[in-house]
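Encoded as structure tokens, the structure appears first; notes follow it.
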Number of protein chains: 2
Amino acid sequence: MAVGLREVAARAGVSVRTVSNVANGFAHVAPETRRRVQEAIDELGYRPNTAARSLRRGRTETISLVVPELDSPYFAELASLVVRAAEERGWAVHIDQTDGRADRERRMVSGPAGRSVDGVICSPWAVAPEELAALSAGPVVLLGERTAPGRLDHIAIDNVAAGEAATRHLLSLGRRHLAAIGAQPHLHNDTARLRLQGHRATLLAAGLPPAEDRVVAVSTLHRPDGAAAMARLLDGPSRVDAVFCFTDELALGAMRTLAERGRRVPDDVAVVGVDDILDGRYCVPSLSTVAPDKAQIARLALDCLARRIQDPQAPDRDLVADHRLEERESTLGAAARRRQSSPPGS
Amino acid sequence: MAVGLREVAARAGVSVRTVSNVANGFAHVAPETRRRVQEAIDELGYRPNTAARSLRRGRTETISLVVPELDSPYFAELASLVVRAAEERGWAVHIDQTDGRADRERRMVSGPAGRSVDGVICSPWAVAPEELAALSAGPVVLLGERTAPGRLDHIAIDNVAAGEAATRHLLSLGRRHLAAIGAQPHLHNDTARLRLQGHRATLLAAGLPPAEDRVVAVSTLHRPDGAAAMARLLDGPSRVDAVFCFTDELALGAMRTLAERGRRVPDDVAVVGVDDILDGRYCVPSLSTVAPDKAQIARLALDCLARRIQDPQAPDRDLVADHRLEERESTLGAAARRRQSSPPGS
DNA sequence: ACGTTGCATTGCAACGTTGCAAACTAGTCG
DNA sequence: CGACTAGTTTGCAACGTTGCAATGCAACGT
């Protein structure tokens, strides 16, 4: 049943090697031979055996994408872009979820993936990048923050600048009682810390006193965490007229709580998030956000990986992807609709 | 550099075959030998070469998941569940996106996937299931509707019943001017047609006249399509006090338009969708929806695939997954919040 | 004592492909 | 005309693993 080079060769009356040459588009095959072989390939429906090819070539043309979870919009959108970009290179993508569990992150970077894929793009959550660097058994590109320089390539947006941009935007609206949702002091993950740093620095520069009771920590970055955090803020002693959420999902949860409590957004409380997930464009009110250039992140990650696969000894790179502030209704109110007449397509 | 059975065998002083036996947990290995070999495996950091194993065994322990797009919440959530379920079986998942393009759907079912994976789970969009059945070159499970019986296993919810449930719910609220968004007459895809069929049948049974001008066709099922469709309805001549959207994304788009036009949901227009995507639980108002049991779909798909991999000649199966109506604020209003006190976690 | 049984271990071949280098052909040049 | 070049095709071996069948060995029953 299985059609291999052998069968095609027999049919076309040439050697196995010649069929291989034709199948791979190698040079120096006589036009007439090529035609005859191609015909046999088509007739028999030959498909190269990926396993044999990988074994022989030592390359799988497959990469692994490791994310905490795929049902989170940010990672889903990122995964979509990575798959698309990989496809342009002829690479297949193999997806793993870690659920943010440290053991799984370690395994994905060091484990079986190290042998069955050419490289790994990993978005770590619980494990410190330095540790992952030590474990890696092949080309690995990390997505997200890394403060200490390590052995691995790494791509992130400027999270301090992102925190500053969001905070400046809220201040520019005249808000003076800013809260932040999304600190994660318990994690070896610097993303939240850097966003908070940008937030604090901007408040300080504006002459506003730091208000630690208005910085709310969360255990994960999903809507329920944002909703609970917002409830805690509203139940707390401090007045709040603006909230910087470290992810859009947190922001959507926060807006949910605000709606339930009858607070108007942005009139009573302005909200800004980070990630620019699709939901944020269509929810009511639409969500202002710091938008990382996800397509660029995907592209850079693959470039990096390609380079490292080609030369495992290449020096480390730390690349910074672009971001920009998207001002929408959750901060500007109805004015946003005039500014950006029609919501962009998905 | 590459550590294979050969190196481990040399180190442990046994044959290559014995190392293989230990690595695979085969029976009849003396405890002492096992210990020594395991030690060598650990010390050298041996990882089995997947390509060689696949070549020899004829199985890749990998499946392919083919969806129109991964950034669509429904497919992202489904993919997440499929990856999780596959992992329990020790299978890797390889993800492809078709963008709803017919050529890509055909290729994914018949193409390279047929040789490098043990099976394919495909959610077709543009190509008729019957055609895909004819093309398939290996175990394939189709997700979504299929009216004509074919050669392939297939899993779906009862879309007629789903359409009925949504419509009955709207009628039970006293609405009498129902619209439907999401018809797709141009596609070889019966999902929309069956949901519409359930919708119409229910209206008819309630003695309401069919109102074809209140059935809006869309080209894709995303938020912008829903927003545009809703605008068309509001600009049309017919009064509308309830909308059944064939997906939650369409519903979110529709609610966006309603908000922009100052219509209250559900007071002026009640909205119900299908899919139960996470966004629907946290948007304002939260979205009533017909919730397919996505975890069950994922599980059934893998069961089906496992069975077919084991026995390619097994008879076709058409499995029906459960669904249930989730009544939330977009139809019940504030009452929904009392009924379901706290929104479930993600 | 000898055949039998069952466990533990092994060597050999093969999975389908491609790298390598050699072999062959035809055309060109000195 | 023979040597050389360029173009085309080929056989062989190997990638790392596992199926198969055979081997060695000790314990057992008769």
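In what follows, chains carry the letters A, B, and so on, assigned in the order in which the sequence lines appear, proteins first and then strands, with residues in each chain numbered from 1.
Classification of B:D118 and B:R59 as a salt-bridged pair holds, one side-chain N sitting under 4.0 Å from a carboxylate O.
Between A:C122 and A:L143, every side-chain heavy-atom pair lies at or beyond the 4.5 Å cut-off. A 4.5 Å side-chain heavy-atom check between A:D316 and A:L152 finds every atom pair outside the cut-off.
Counting non-hydrogen atoms under 4.0 angstrom, A:T33 reaches the backbone sugars and phosphates but no base. Within the nucleic acid shown, A:R17 comes within 4.0 Å of at least one base atom, counting heavy atoms only. Residue contacts for B:N21: at a heavy-atom cut-off of 4.0 Å it reaches a base atom on one of the strands shown.
The phosphate of D:dT9 has neither OP1 nor OP2 within less than 4.0 Å of any side-chain N or O from A:S15. OP1 or OP2 of D:dT18 lies within a sub-4.0 Å distance of a side-chain N or O belonging to B:S20.
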(request) Take A:R104 and B:E87, measure what side-chain contact (heavy atoms from CB on, under 4.5 Å) needs, and give me the verdict at the end. (result) CA-CA 12 Å; A:R104 297 177 59 93; B:E87 191 169 55; 2.5 Å; yes
(message) Walk me through whether A:S80 and B:Q97 qualify under side-chain hydrogen bond (donor to acceptor under 3.5 Å, both in side chains).
(response) CA-CA 8 Å; A:S80 175; B:Q97 299 177 98; 2.8 Å; yes
(request) May I have the step-by-step check of side-chain contact (heavy atoms from CB on, under 4.5 Å) for B:W125 and B:L221, ending in yes or no? (result) CA-CA 11 Å; B:W125 170 262; B:L221 301 176; 3.5 Å; yes
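If you check D:dT8, D:dT17, C:dG16 against the side chain of A:A2, the one that comes closest is C:dG16. Checked against C:dT17, D:dT17, C:dG16, the side chain of A:P48 finds its nearest nucleotide in C:dT17. Considering only the side chain of B:H28, C:dA8 comes nearest among C:dT18, D:dG16, C:dA8. In this structure, the nucleotide among C:dT17, C:dA13, D:dT9 sitting nearest to the side chain of B:R56 is C:dA13. The side chain of A:N24 lies closest to C:dT18, out of C:dA14, C:dG19, C:dT18. Closest contact between the side chain of B:R6 and the listed nucleotides D:dT10, D:dC15, C:dT17 involves D:dC15.
Summarising the geometry of B:A76 relative to A:L70, their closest heavy-atom pair is CB-O, 3.6 Å, with the distance given to 0.1 Å.
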(request) Quick one: the dot-bracket string of DNA chain D, using Watson-Crick and G-U wobble pairs with both distances under 3.5 Å, [ ] for crossing pairs and | for bases paired to another strand. (result) ||||||||||||||||||||||||||||||
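Closest-nucleotide positions on DNA chain C for B:T18 and B:L55 were compared, and the one nearer the 5' end corresponds to B:T18. If you find the closest nucleotide of DNA chain C to B:R34 and to A:R53, the one lying nearer the 5' end belongs to B:R34.
Spacing between atom CZ of B:R59 and atom P of C:dG16 amounts to 16 Å, rounded to whole angstrom units. Rounded to a whole Å, the CG atom of B:N49 is 13 Å from the C1' atom of D:dA14. Going from atom CZ of A:R47 over to atom P of C:dT17 covers 13 Å, rounded to whole Å. Rounded to a whole Å, the CZ atom of B:R57 is 16 Å from the P atom of C:dG16. Regarding A:E32, its CD atom lies at a distance of 10 Å from the P atom of D:dT9, rounded to whole Å. Rounding to whole angstrom units, CG of residue B:L5 and P of D:dA14 are separated by 18 Å. Remark: P of D:dT17 and CD1 of B:I41 are 10 Å apart, rounded to the nearest angstrom.
Under the salt bridge (charged side-chain N to carboxylate O under 4.0 Å, His left out) criterion, the residue pairs touching residues 8-19 of chain A are A:R11-A:E43, with sequence neighbours excluded.
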